[in-house]
Amino acid sequence: MNRPLDPATVAGSPSGAPVGDAAGCGASTRPARGQREVFCGLTGIIWLHRKIQDAFFLVVGSRTCAHLIQSAAGVMIFAEPRFATAIIDDRDLSGIADANDELDAVVARLLARRPDIRLLFLVGSCPSEVIKLDLSRAAARLSREFAPAVRVLAYSGSGIETTFTQGEDACLAAIAADLPQAGGERHADAPEGLLVVGVLAEVVEDQMARLFRDLGIERVRFMPPRSALAMPDAGPGTRFLLAQPFLADTARALEERGAKRIPAPFPLGVEGMTAWVAAAAREFGISDERVAAVTGPAAERARRSLARYRTQLDGKSVFFFPDSQLEVPIARFLARELGMRPIEVATPYLHRQHLAQELAMMPGTAVIEDQDVEAQLDRCRLARPDIVVCGLGLANPLEAEGITTKWSIELLFTPIHGYEQAADLAELFARPLVRRTILVT
Amino acid sequence: MNRPLDPATVAGSPSGAPVGDAAGCGASTRPARGQREVFCGLTGIIWLHRKIQDAFFLVVGSRTCAHLIQSAAGVMIFAEPRFATAIIDDRDLSGIADANDELDAVVARLLARRPDIRLLFLVGSCPSEVIKLDLSRAAARLSREFAPAVRVLAYSGSGIETTFTQGEDACLAAIAADLPQAGGERHADAPEGLLVVGVLAEVVEDQMARLFRDLGIERVRFMPPRSALAMPDAGPGTRFLLAQPFLADTARALEERGAKRIPAPFPLGVEGMTAWVAAAAREFGISDERVAAVTGPAAERARRSLARYRTQLDGKSVFFFPDSQLEVPIARFLARELGMRPIEVATPYLHRQHLAQELAMMPGTAVIEDQDVEAQLDRCRLARPDIVVCGLGLANPLEAEGITTKWSIELLFTPIHGYEQAADLAELFARPLVRRTILVT
Amino acid sequence: MKLTIWTYEAPPHVGAMRIATAMEGVHYVLHAPQGDTYADLLFTMIERLPKRPPVTYTTFQARDLGSDTAELFKNAMRDAYERFRPQVMLVGASCTAELLQDDPAGLAQALGLPIPIVPLELPSYQRKENWGASETFFQLVRALARPREAREKAAGERRPSCNLLGPTALGFRHRDDVREITGLLAELGIAVNVTAPLGASAQDLMRLGEADFNVLMYPEIADQAARHLERHLGQPYTRTVPIGVGATRDFIAEAAALAGIDPTDMLSDERSRLPWYAKSVDSTYLTGKRVFIFGDATHAIATARIAAEELGFSVVGLGAYNREFARDVRAAASKYGVEALITDDYLEVEERILALQPELVLGTQMERHIAKRAGLPCAVISAPVHVQDFPARYSPQMGFEGANVIFDTFVHPLMMGLEEHLLGMFRDDFEFSDEAAPSHLGGAARQEEEGAALGSPRPDCEKDGAARSVGWSADAERELKKIPFFVRGKARRNTELFAREHGVALITVETLYDAKAHFGR
Amino acid sequence: MKLTIWTYEAPPHVGAMRIATAMEGVHYVLHAPQGDTYADLLFTMIERLPKRPPVTYTTFQARDLGSDTAELFKNAMRDAYERFRPQVMLVGASCTAELLQDDPAGLAQALGLPIPIVPLELPSYQRKENWGASETFFQLVRALARPREAREKAAGERRPSCNLLGPTALGFRHRDDVREITGLLAELGIAVNVTAPLGASAQDLMRLGEADFNVLMYPEIADQAARHLERHLGQPYTRTVPIGVGATRDFIAEAAALAGIDPTDMLSDERSRLPWYAKSVDSTYLTGKRVFIFGDATHAIATARIAAEELGFSVVGLGAYNREFARDVRAAASKYGVEALITDDYLEVEERILALQPELVLGTQMERHIAKRAGLPCAVISAPVHVQDFPARYSPQMGFEGANVIFDTFVHPLMMGLEEHLLGMFRDDFEFSDEAAPSHLGGAARQEEEGAALGSPRPDCEKDGAARSVGWSADAERELKKIPFFVRGKARRNTELFAREHGVALITVETLYDAKAHFGR
């Protein structure tokens with residue numbers, strides 16, 4: 001499990017001062033501790049269940065879990081969901097009922113009502129963790145029972161173990177461990193295919209696929225795929241690029257399959273996207289000239305698109321509450337490509353290795369890991385930033401205090417990766433600022 | 001044109017006393033004169049444009065005409081209409097513009113915008129009649145111009161010549177005059193096909209078609225058809241049944257083509273439907289036994305269905321304001337099959353020949369032709385009938401006075417003909433009465 | 001002669017009926033054929049009034065023409081007076097009777113009835129409903145309103161007072177606007193002397209002069225009367241129509257100034273939810289949504305201000321069907337950098353909307369038809385009225401509660417922000433198909449913007465040949481389909497514009513993204 | 001363990017939050033893991049409150065388990081007191097913390113803070129949101145409410161007064177119900193002493209005893225508190241929940257009796273538009289429409305009464321998700337001759353609706369899903385709340401304006417009468433295709449009742465084998481399709497019932513009409 005660092009381990013570093021880092025970090029990092037105001041990993045189900053259309057997510061948890069998912073994103077109003085909760089009750093806790101038998105019965109009922117399910121995730125929660133319900137074993141048992149029609153995997157989205165986007169990481173890690181083994185005929189070190197890892201908008205996947213094809217990389221797959229029946233294989237020949245900064249466990253699981261991560265910044269903004277593509281190209285032995293030729297026009301177009309927003313955002317200060325782990329790459333993009341001034345960048349967890357290049361590119365802003373929300377609100381009110389990036393629990397109260405906000409969950413629900421979306425990402429920050437100037441009443 | 005009788009012509013008959021009639025009328029008829037409260041014939045476009053789906057109705061009239069059609073039936077909210085108005089303006093009246101040239105231009109624009117039109121009706125109105133715009137000539141001219149793609153016919157729906165349902169009559173009369181001539185090979189007197197005349201619901205047409213097929217009448221067609229491209233032919237071998245009591249001009253036009261009307265009551269209620277079918281059967285030489293065998297089960301089922309409503313309606317008094325010309329057959333049905341008591345039956349026009357059998361079946365209620373709305377309202381308030389049949393302008397004011405109403409336009413918009421709909425027709429009268437007993441506040 | 005699919009306004013005599021029906025003790029004798037009695041149901045069925053309009057129709061027929069139609073009129077007039085005993089009678093002719101030239105005014109006067117007779121000259125072949133209502137109200141006011149006896153302004157003793165001018169029967173939310181504005185003025189300390197025509201009697205019109213000033217609620221109906229009262233009775237009147245939060249605040253300031261009182265207290269509180277709801281982060285996605293606005297001039301202008309200043313939309317089209325106020329609409333349009341569309345031709349409005357591809361249409365019931373066929377969200381802002389414009393619930397357009405109603409009304413047809421996002425992210429999801437309407441509206445399917453219903457009139461594409469002179473490659477069409485439908489129309493339009501400006505004959509995927517870069521989001 | 005697609009209620013600690021957030025000067029320290037902070041957004045995003053709920057979460061993590069979670073709680077408690085200085089604090093645990101058995105109540109008491117601490121025992125694995133809210137409010141009232149000092153009833157001098165009990169944060173239209181009922185009581189001459197919990201402080205709760213009686217607005221929230229106040233402070237309380245015209249009139253009579261005043265004046269006028277709109281002839285088509293009703297007990301019971309007595313619908317199903325009031329729901333259901341459905345299992349509700357084939361569903365946001373898939377019109381009558389249940393405009397459910405709102409809400413999703421007729425007459429018309437939703441709702445397509453979206457859960461048809469044991473001939477299927485979709489579900493159901501009862505194995509056209517004759521329209 002990908003846990004926030006224990007503050008004790010970095011307690012020695014002077015608050016606000018740069019922390020020495022293997023990658024030559026341009027930013028300082030410092031820890032905080034107090035009440036957190038973050039989603040748990042279950043929230044990832046909101047986009048995961050839309051992405052893998054024949055998968056279904058069964059949370060094993062409490063009524064709180066069920067309520068969280070249906071409320072968190074206002075999904076209640078949308079289409080029939082492909083998720084549900086097996087709600088633990090007193091009988092399970094008191095031992096009157098055997099929790100495993102109960103779970104088997106719930107799964108049987110679910111699969112009878114939903115014959116279209118191909119891949120079922122049992123998703124652990126705070127209560128299931130605390131009562132030590134072993135969902136991995138249950139998944140293996142149920143997988144055997146319902147094979148070959150349905151495959152059952154397990155992961156934990158519990159709030160005592162994961163925050164927000166770490167749910168996607170845990171889910172993808174479970175998938176990674178379960179991928180078909182790639183045929184190991186070639187030499188293990190020769191790259192034989194590129195895997196792009198992380199949930200992306202479909203239009204973005206299509207753009208990336210075109211770009212890699214134009215570069216000459218032949219076998220490009222995306223994980224997760226749109227259907228559980230189209231899982232990519234993985235093996236020593238697999239090279240993978242992380243599309244998101246929060247995929248620590250997934251990367252580890254892929255590495256355990258022999259796949260190799262291509263270190264790179266993240267494909268946010270023109271700079272990030274170019275470096276990300278170039279890293280892959282290098283791995284596949286493609287010349288820098290070819291990279292420049294293929295990416296040049298799109299990069300140039302993206303820079304032109306950004307110019308409009310740079311005039312709106314240049315010099316504006318931005319303050320990040322910890323939320324999605326996207327904070328560092330996005331702060332880097334806002335600072336370097338739009339001239340914004342990150343005042344404080346808080347993130348729920350900082351993966352120093354995966355973020356090494358990002359941190360190196362950051363201006364000297366304090367990066368804060370973990371959270372004490374009341375103290376941070378005090379700092380925010382004092383700093384009065386031009387725009388605050390925060391979760392939905394904080395956004396409207398800050399707006400009511402006259403502080404412009406950008407709600408961070410939108411960063412997960414909007415196509416923001418790649419060249420063509422760089423300006424869209426900028427626009428997400430420009431829009432609340434523009435709005436405040438437009439509204440007269 | 002089918003005009004209300006001049007009251008002078010019947011002025012001699014004693015008010016309220018039976019009028020001698022060829023058919024041996026069971027009801028008395030008396031005239032009235034004063035303000036009328038009726039729609040003009042343009043209103044028929046509301047159902048006609050839905051029935052003949054590739055036809056289009058272009059009213060040549062004033063803004064009042066345009067507003068009437070779009071408002072009268074609340075059609076504004078519905079699907080895009082297949083009617084429009086060529087609004088006459090000052091330039092047309094003052095002679096600055098030539099009305100015929102203007103009309104040609106409007107039709108050309110319309111047909112360019114609506115290439116799907118196959119049959120265009122130019123519909124005359126009060127103003128076009130008063131300024132004596134000859135739409136028949138215009139139709140002939142335009143028909144030549146746009147042949148063979150579009151056929152153009154003309155009829156008048158003007159309020160100085162027609163009331164409400166007479167618009168359908170005028171439209172069908174125009175169609176009748178334009179039907180293809182039936183091949184006259186057989187002996188002119190031998191019936192070679194049955195034409196059912198009047199706009200009917202599709203489900204009703206289908207039922208009737210099955211019934212006539214079971215009786216052994218081979219060639220049954222309906223007029224108007226659902227598509228302008230499927231016009232029936234007509235000739236001396238054609239026998240026709242009127243499905244509605246207001247089709248005087250249409251009958252005359254068909255007779256001019258050599259077709260013969262089969263005299264019958266109207267197919268409303270079990271009795272009316274049986275007599276109507278039997279009249280046709282006799283004309284086609286089908287035995288009464290066969291008629292009884294074929295219609296028996298449906299008639300019996302319809303009687304069973306009616307029983308439920310008879311308990312609700314028996315003994316209840318009913319008062320008709322003049323509206324659709326359906327008043328007499330419906331009063332006959334309500335009186336004879338449901339035990340209701342018609343107190344006053346007013347009708348905008350009484351076609352004594354077509355209604356001969358209906359009048360003979362009526363109980364001794366006064367039938368009033370034409371209207372003086374204020375006087376009739378006074379009588380109605382005095383009589384305090386259990387239910388009043390009236391137009392939409394009067395219904396809510398009467399309800400507000402505590403008098404239950406049935407709005408009559410519904411009788412044109414609901415499948416009420418034939419056996420299977422007899423109970424539905426009864427229910428239309430039961431519903432407002434039931435409603436008044438249900439509502440507590 | 002003019003081809004008319006829908007008419008935005010009724011004939012002028014219906015405007016006169018709206019005045020007569022709104023008032024007490026007024027009876028209208030209308031020289032008209034029987035079919036014209038349809039107009040009664042506008043009031044009894046659309047507005048669900050529990051009484052017949054106070055109108056007697058002569059209902060002449062073909063056989064009467066040229067002989068006794070004048071006699072018919074006189075009888076009708078006499079009978080109506082005897083039966084209804086009104087305080088004042090209006091007389092006039094509808095379109096058909098106008099052609100007969102029977103002179104109802106002269107005939108009526110000749111009868112010597114013991115009450116005021118107000119003759120109406122409403123040229124049916126030139127004018128329309130609003131004009132007819134305005135003229136009728138003006139004639140009544142001119143005939144009846146008297147100056148204040150003596151302007152005994154014992155300040156401190158009398159509360160300042162005003163008249164509310166313009167609300168009628170069959171008005172778009174007039175019933176509730178009157179309640180809202182009356183309450184607002186009461187809070188300010190201003191009494192309402194007379195509200196007219198709605199609910200006013202002839203005697204009330206005679207008392208109009210007792211007020212300090214007039215509130216002109218609906219210029220379409222009462223501008224002429226207000227100007228008359230200013231000129232002849234010295235009553236100033238308010239220019240701001242209080243629709244929207246900003247306009248309501250301006251109106252309060254204006255009314256307070258006319259009444260000589262201090263509005264500071266009333267302006268210091270926030271009394272509408274609109275400003276906060278518009279600031280709430282779930283409204284951020286409304287920013288810059290392209291809206292097309294069409295209605296009567298007053299509502300269209302007010303809507304544009306709300307859209308631009310209070311909701312953060314971008315006004316891409318603004319128009320009105322009543323030419324009488326074209327100048328005001330043009331002035332407003334120029335503020336938003338758009339060309340005003342002044343027309344009563346439904347087909348023209350349709351063409352404009354299809355060419356602009358807005359993200360939201362704020363129009364009349366007629367624009368709803370256009371929007372429905374084009375797959376665009378739409379809300380209704382103005383007459384012509386439909387039965388659904390007379391809801392049971394309190395639904396003003398004016399004042400602070402009116403602003404609340406408007407917020408809900410304008411935002412409701414739109415897909416909610418998060419739903420938009422998910423559609424954008426996962427277009428291939430079978431439950432988020434392009435056919436999906438906003439799920440809170442029942443989630444039913446939408447028509448494609450290109451695919452109007454069979455048999456419906458199609459925009460006159462031939463005319464607009466330029467628009468289609470560029471072609472789309474198959475790849476580009478496919479990429480376009482990946483854009484969610486609610487912005488796809490705009491993307492298509494922008495790309496084609498871009499292609500034409502840059503001489504691109506065949507649009508490729510690159511052109512699509514070049515255009516996106518050029519125009520921004 | 002129970003399979004839950006949607007949950008009708010949140011866990012009980014969210015109920016406690018609804019009380020704390022509604023009040024002033026109350027702070028809630030909740031022992032809970034970080035993910036439970038999601039609940040803040042219910043208030044800031046769904047209700048759009050401009051402040052954070054007054055809740056401090058301990059946000060313990062896995063590494064804290066078994067070591068210092070108790071210490072964490074104590075620190076959070078101390079910090080929260082220091083920072084917020086509340087008048088009273090609530091302490092409790094969410095589901096996960098409940099498993100830790102840290103005893104927040106004991107820990108909090110041990111801190112010796114100088115304010116009242118109200119400990120909450122809300123068993124997360126047994127109870128739900130409403131119960132949690134009710135228990136929290138009751139505990140606060142029990143801890144704080146004091147008897148009236150001396151019942152100095154100098155009659156004539158004091159106006160009678162009451163408390164309004166039950167409105168909370170995140171309540172379904174509570175904001176507007178309070179305004180409506182306060183206004184109603186004011187007109188009756190009854191003052192409101194305290195409204196609680198919404199807007200009340202700890203001091204206000206101490207003053208509850210000063211009122212003559214209590215108005216129990218929401219039994220789900222305040223029944224327990226009202227009974228406590230009756231028992232211990234001798235305050236009677238109203239039993240009628242004033243939703244609907246009839247219930248509002250009953251409520252006025254009941255409140256007037258408790259206050260010792262005469263309600264005749266207030267009951268003599270018609271103050272709602274619902275009765276006239278329901279009598280208006282355009283409402284005749286509503287008669288006997290088969291409605292299925294599901295929600296919380298209070299709203300479901302009130303809705304059934306309105307549906308049956310005020311709109312003339314036929315209630316074919318009635319149910320509630322909160323078992324606490326099952327008895328009341330069963331009593332109401334028996335009045336309509338139906339069996340009450342008491343369940344919080346969404347799948348059971350779905351089965352019932354599909355089996356009944358109602359013409360209108362009046363339910364919660366969840367039933368909207370079912371209705372949408374089944375192609376049935378639906379209106380929302382009850383919590384659980386969604387952002388759209390907090391409109392900007394005034395939208396009470398209670399009182400006379402509430403009845404107006406309800407009329408519009410229930411009738412809006414239905415096709416209008418005339419549109420129904422035209423569909424019935426001209427089914428073949430390509431513009432009136434079966435896919436057409438009511439045109440005022442955008443006219444978009446509906447799903448066939450048989451054809452739910454791919455991948456959606458399907459009703460468990462196998463179980464209901466009997467229902468499909470009769471077959472349909474092709475002719476009969478074709479004839480069935482001629483019946484407009486909005487009654488086709490009912491026709492299919494009736495025909496199959498009839499066929500089974502009469503031992504008909506294959507349904508023919510004749511069977512269809514025999515069944516029609518048997519059941520009537």
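Note that these values count all heavy atoms, side chains included, but never hydrogens, waters or copies made by symmetry. Every value quoted in this text rests on a predicted model; they were computed, and no experiment measured them. Here is how names work: the chains are called A, B, and so on, in the same order as the sequence lines, proteins then strands, and each is numbered from 1.
Contact annotation for A/V38: both backbone and side-chain heavy atoms come within less than 4.5 Å of a heavy atom of chain D. The part of A/L93 that comes within reach of chain D is its side chain, from C-beta onward, which places non-hydrogen atoms under 4.5 angstrom from that chain. For chain D, no part of A/A105 is nearby; none of its heavy atoms comes within less than 4.5 Å. When heavy atoms are compared at a cutoff of 4.5 Å, A/V60 approaches chain D solely by way of its side chain, counted from C-beta outward. For a residue to count as touching a neighbouring chain, one of its non-hydrogen atoms must lie under 4.5 Å from one of that chain's; by this rule A/A86 touches chain D with backbone and side chain alike. Looking at A/N100, there are no atoms closer than 4.5 Å to chain D (heavy atoms on both sides), in backbone or side chain.
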Name the atoms and distances for all side-chain donor-acceptor pairs under 3.5 Å in residues 68-77 of chain D, with sequence neighbours left out.
| residue | atom | partner | partner atom | Å |
| --- | --- | --- | --- | --- |
| D/T69 | OG1 | D/D102 | OD1 | 3.4 |
| D/T69 | OG1 | D/D102 | OD2 | 2.6 |
| D/N75 | OD1 | D/R78 | NH2 | 3.0 |

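No other option in D/G35, D/P33, D/A97 has as many heavy-atom pairs under 4.5 Å with chain A as D/G35.
Between A/L135 and the options A/V123, A/L58, A/L103, a side-chain contact (heavy atoms from CB on, under 4.5 Å) holds for only A/L103.
Salt-bridge formation is not detected for the pair D/E135/D/R127: no Lys NZ or Arg NE/NH1/NH2 atom is positioned less than 4.0 Å from an Asp or Glu carboxylate oxygen. Classification of D/R18 and D/E129 as a salt-bridged pair holds, one side-chain N sitting under 4.0 Å from a carboxylate O.
Every residue two or more places apart in sequence or in another chain was checked for a side-chain hydrogen bond (donor to acceptor under 3.5 Å, both in side chains) with D/T37, and none qualifies.
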